[in-house]
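As structure tokens, the structure follows; a few thoughts come after it.
Proteins come first, then strands; the chains are lettered A, B, ... in the order of their sequence lines, and each starts at number 1. This one's a predicted model, so the numbers in the text were calculated from it and none came from an experiment.
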Protein chains: 2
Amino acid sequence: MRTGGAAQALAYEKIREQIVTGNYPGGMKLIEERLAEEIGVSRTPVREAIRRLEQEGLVRRKKVFKPSAKELRDHFKMRILIEAHAARMAATYMIDDDLDELKETVGKAKAIRDDSAAVVRENKKFHDLIVRETRNPVMIETVDRMQSIIYLFSRAVVINKRPGLLDEHAAICEAISARDPEKAARLMEEHLEADLEFTLAIVDWEE
Amino acid sequence: MRTGGAAQALAYEKIREQIVTGNYPGGMKLIEERLAEEIGVSRTPVREAIRRLEQEGLVRRKKVFKPSAKELRDHFKMRILIEAHAARMAATYMIDDDLDELKETVGKAKAIRDDSAAVVRENKKFHDLIVRETRNPVMIETVDRMQSIIYLFSRAVVINKRPGLLDEHAAICEAISARDPEKAARLMEEHLEADLEFTLAIVDWEE
DNA sequence: TTCTGTAATTTTGTATACATGACTGAATAC
DNA sequence: GTATTCAGTCATGTATACAAAATTACAGAA
């Protein structure tokens with residue numbers, strides 16, 4: 001953790017945990033005093049933790065962030081723009097060791113279709129490896145923020161695993177391997193667009 | 001202001017002012033107690049103001065942010081990616097009223113070459129109008145953050161006004177007007193790359 | 001019923017005191 | 001002369017009390 005002390009770190013972890021597990025649902029008001037009591041610290045570190053979660057995009061105006069369909073789309077589009085660029089960079093610059101690792105994640109994910117959590121982990125790693133090729137911390141961090149928010153919704157989506165997802169990963173991997181930047185970028189774009197549409201279709205926007 | 005009370009707003013404005021005017025130079029440590037006394041509020045709102053400036057990218061680890069050449073480049077590249085995309089969108093979707101406004105900013109900037117502050121304002125407006133065409137608040141806000149940081153350096157650059165800048169704006173404007181997305185994007189990319197290189201060349205990285 | 005104004009309650013913002021931890025610099029051992 | 005450790009200071013983190021603001025609940029009128 002880059003700032004703050006122990007109490008703040010504790011508050012941050014605990015609140016974040018509750019949000020990403022869905023235990024604190026979207027729209028829920030975060031009341032400082034209550035959280036402070038629950039966690040066993042004073043209001044001050046809770047406040048700071050909430051501010052950090054706000055910066056991270058998980059909290060908005062003291063409430064657990066609940067993006068509209070439009071907002072989810074906006075976050076996805078930002079991610080698509082960066083990841084398509086990243087795929088282009090990867091096809092151009094990725095060294096063979098990393099390429100091997102990339103292939104490995106696809107293989108692993110194929111092998112363990114049943115362990116949902118593990119598949120999620122491999123898929124995230126796949127994208128992270130590619131984004132890393134931008135060699136641009138600003139972009140890497142931005143994608144991370146987008147992912148945090150998208151994953152808030154994707155719990156549902158990941159369980160209803162989208163058909164073709166792994167094949168698309170394999171195809172992207174191949175394009176990078178073949179050093180074809182434009183194809184890699186195009187495939188990545190299509191892949192994430194499909195993810196977006198699938199997510200929008202699955203999620204229940206009425207609740 | 002979207003959060004906090006009067007004291008916090010005051011602290012935020014005052015500190016930000018000092019940073020963007022260069023009165024607080026890059027690398028300067030922000031000491032809560034000192035600022036609190038200077039502004040006439042307690043440490044609490046100063047803390048929150050500093051956090052917000054941190055989120056905005058103007059402060060890093062309690063010090064006024066002073067990007068390295070690499071970091072400035074990274075922020076620029078993020079901006080280029082979004083603005084090239086925005087130019088593409090603008091060429092496709094921008095309505096005539098906005099296009100007229102865009103042309104006007106170029107004309108105005110050409111007319112008032114002597115008033116440096118006004119030229120800066122017009123140039124910023126030019127870019128903002130195009131970025132708006134993404135119709136994506138996430139991207140708009142990201143560009144804003146990048147610009148805040150870049151402008152921290154560009155004070156010097158803007159005074160040494162870069163040759164060709166206005167002609168490039170005019171050319172981009174034309175490409176959008178001609179509904180040529182790829183050309184608009186390419187010109188925007190070249191324009192900002194030139195800005196980046198000019199900035200890197202001008203700024204004194206040793207100080 | 002539904003609207004509106006006001007009182008009551010809750011929640012956040014602010015100030016402040018104290019605790020903890022980081023930094024500085026001098027004195028001493030080597 | 002250099003390294004080390006200890007003390008003193010300075011800045012930040014945390015807790016808490018009080019003030020201000022926002023929200024809710026309710027009463028009365030249209």
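Remark: the backbone N or O of B/E17 is paired with a side-chain donor or acceptor of B/T21 at under 3.5 angstrom. B/E54 places a side-chain N or O within donor-acceptor distance of the main-chain N or O of B/R61, the cut-off being under 3.5 Å.
Listed pair A/Q8 / D/dT14 meets the phosphate criterion, a side-chain N or O lying under 4.0 Å from OP1 or OP2.
A side-chain contact (heavy atoms from CB on, under 4.5 Å) with B/M188 holds for exactly one of B/H127, B/R88, B/E168, B/H85; it is B/H127.
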In sequence, state the C-alpha distance, the side-chain angles, and the governing distance for B/K14 and B/E38, and then conclude on salt bridge (Lys or Arg N to Asp or Glu O under 4.0 Å). CA-CA 10 Å; B/K14 288 224 174 185; B/E38 178 137 353; over 6 Å; no
Stepwise, does the salt bridge (Lys or Arg N to Asp or Glu O under 4.0 Å) test hold for B/K66 with B/E71? CA-CA 9 Å; B/K66 185 186 183 176; B/E71 284 170 320; over 6 Å; no
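The nearest pair of heavy atoms linking A/K70 to B/P137 is NZ-CD, 3.8 Å. The two residues B/N136 and A/M78 have their closest heavy-atom pair at ND2-N, 4.4 Å.
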Pairs under 3.5 Å (N/O, protein and nucleotides 9-12 of chain D):
unit_1	atom_1	unit_2	atom_2	d
D/dT12	OP1	B/L30	O	3.4
D/dT12	OP2	B/E32	N	3.2

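Annotation: side chain of B/I50 is in contact with side chain of B/L35 (closest heavy-atom distance under 4.5 Å).
For DNA chain C, the contact window with chain A, defined by any atom under 4.0 Å from a protein heavy atom, covers C/dT11 to C/dT14 in 5' to 3' order.
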